[in-house]
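Below is one structure, written out as structure tokens; comments come after it.
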Amino acid sequence: MNFISVLSCLSLLLAAAAAQEPQPCVSPPLMSGGFSVSAANGLVMSTGQISYDAFGQRMRVRNYGMAGNQTFALDQLMLFNKKVYYEIDWSKFSCKKKALDTSFIPMHVPSDAKLMGQVFMGSSSSWGMGVLTNTWYGSMPNNGTYMSVFTEIGCIPLTYMGFTPASGWTTVSTFNWVLGNTNPMDYSPPFFCAKSKLEETETPDNMFTALESLAMKTKKEE
């Protein structure tokens, strides 16, 4: 009887330990914050603001940075629910409509993601000195891979790294997140985008490859 009791206790301990292992998570549904990007193997460097709406599966990204030796300002509206995104150029009042790959939405940890590890960013020696984070990795279409870092509490995204043979490495670091959106018009295309036609491409872009076309254009101009 004692042996059975010991086995039962061990089973309960193992179940509790398994339950404590980090699980894929979903970020808060409405978020706004800042980010920095290094794309196309370092050819494109930018920083900007991002707004995210999980209810409508929409994201607005405003970039300001450098591509090669040129500066640029790029406004992108990603509509994951419609599988398209818009590249908006306010200086020319022009708009490009492109296909968007929705197999990977960066504001959550995919259910098939694998846990790489759990670490403190900063220090765990005292309260407020660090934050507990989980690092995940997985595969993307077109022989791509990704790695992402989320906080254990709140599932707040911190860092993304993605690789595809066509575009190389893209790194996105986020900061200053707040919960909620302040401007619902962020998710509506400007009026001059109404006549934009979907550009035909062999493979749709995802968040990591959306800057690839700009990088390739810069390479041709150099």
Side-chain angles (χ1 to χ4, degrees), residues 27-40 43-68 70-108 140-142 144 157 160 162 164 166-167 170-174 176-221:
S27 298
L30 297 172
M31 298 177 65
S32 301
F35 73 98
S36 61
V37 177
S38 172
L43 180 64
V44 177
M45 305 287 289
S46 70
T47 187
Q49 298 292 319
I50 183 172
S51 299
Y52 177 70
D53 170 20
F55 297 117
Q57 297 184 22
R58 304 172 295 185
M59 183 183 296
R60 187 67 175 264
V61 182
R62 295 179 172 91
N63 284 308
Y64 307 93
M66 295 186 64
Q70 299 179 2
T71 59
F72 69 90
L74 185 63
D75 189 354
Q76 294 172 320
L77 172 59
M78 301 184 183
L79 303 177
F80 293 97
N81 57 342
K82 296 183 179 179
K83 298 184 179 181
V84 299
Y85 77 98
Y86 293 90
E87 254 183 26
I88 305 163
D89 188 341
W90 289 96
S91 65
K92 300 177 181 177
F93 277 76
S94 63
C95 189
K96 295 181 179 179
K97 185 178 181 181
K98 300 183 178 182
L100 179 64
D101 181 356
T102 60
S103 59
F104 176 78
I105 300 177
M107 289 300 184
H108 74 275
M140 295 191 298
N142 304 315
Y160 303 100
T164 63
S167 60
T170 298
T171 303
V172 181
S173 299
T174 68
N176 290 343
W177 284 112
V178 295
L179 301 185
N181 292 160
T182 58
N183 185 7
M185 290 300 293
D186 275 346
Y187 305 113
S188 298
F191 67 92
F192 51 83
C193 291
K195 296 183 179 180
S196 299
K197 295 183 179 181
L198 183 64
E199 296 185 5
E200 296 184 2
T201 57
E202 292 183 3
T203 56
D205 287 331
N206 56 43
M207 181 180 176
F208 295 117
T209 60
L211 287 174
E212 181 184 357
S213 59
L214 180 62
M216 296 305 295
K217 178 181 177 182
T218 303
K219 283 182 179 180
K220 292 178 181 179
E221 292 176 350

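Computed from a prediction, not measured in an experiment: that's the story for all the values here. Positions are given from 1 along the sequence.
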| task | Mind checking the CZ-CG spacing from R60 to D53? Nearest 0.5 Å is all I need. | result | 13.0 Å

| field | Shortest non-hydrogen contact between S196 and K97, atoms and distance | value | O-CD, 3.8 Å

| Distance from R58 atom CZ to F55 atom CZ, nearest 0.5 Å? | 11.0 Å

| request: Flag the pair V37 / T170 as yes when at least one side-chain heavy-atom distance between them is below 4.5 Å, and no otherwise. | output: yes

| So, does T47 use its side chain to make a donor-acceptor pair with the main chain of G65 at under 3.5 Å? | no

| said: Any side-chain to backbone donor/acceptor pair from S27 onto M107? Under 3.5 Å, distance only. | reply: yes

| In Å and rounded to the nearest 0.5 Å, what is the CE to OG distance from M66 to S46? | 11.5 Å

| Is W177 reaching over with its side chain to a backbone N or O of P157, donor-acceptor style, under 3.5 angstrom? | yes

| query | Does the side chain of M78 come within less than 4.5 Å of I50's, by heavy atoms? | reply | no

| query | Can you name the residues that form a side-chain contact (heavy atoms from CB on, under 4.5 Å) with N183, not counting sequence neighbours? | reply | M185, D186

| said: Counting C-beta onward and ignoring hydrogens, is there a side-chain heavy-atom pair between F35 and N63 closer than 4.5 Å? | reply: yes

| request: Look up atom CZ in F192 and atom NZ in K92, then write down how far apart they are to the nearest 0.5 Å. | output: 12.5 Å

| How close do A73 and Y64 get, heavy atom to heavy atom, and via which atoms? | CB-CD2, 3.8 Å

| Closest approach of V44 and A67, non-hydrogen atoms and distance? | CG2-CB, 4.1 Å

| Using the ring of each side chain (for Trp, its six-membered ring), is F93 parallel, tilted or perpendicular to F191, with breaks at 30° and 60°? | tilted

| task | Kindly say whether Y52 contributes a backbone atom to a donor-acceptor pair with the side chain of Y187 at under 3.5 angstrom? | result | yes

| request: Kindly give the heavy-atom pair with the smallest separation between I88 and P190, and that separation in Å. | output: CD1-CD, 3.6 Å

| How long is the gap from OG1 on T201 to NZ on K98, to the nearest 0.5 Å? | 8.5 Å

| request: Give the minimum heavy-atom separation between Y86 and C95, together with the two atoms involved. | output: CD2-SG, 3.4 Å

| message | Can you tell me how far apart CG (D101) and CG (D205) are? Round to the nearest 0.5 Å. | response | 9.0 Å

| request: Could you walk me through whether L79 and Q57 pass side-chain contact (heavy atoms from CB on, under 4.5 Å), step by step? | output: CA-CA 6 Å; L79 303 177; Q57 297 184 22; over 6 Å; no

| message | Under the criterion side-chain contact (heavy atoms from CB on, under 4.5 Å), I'd like the reasoning laid out for L198 against V84: C-alpha separation, chi angles, the key distance, then a yes or no. | response | CA-CA 8 Å; L198 183 64; V84 299; 4.1 Å; yes

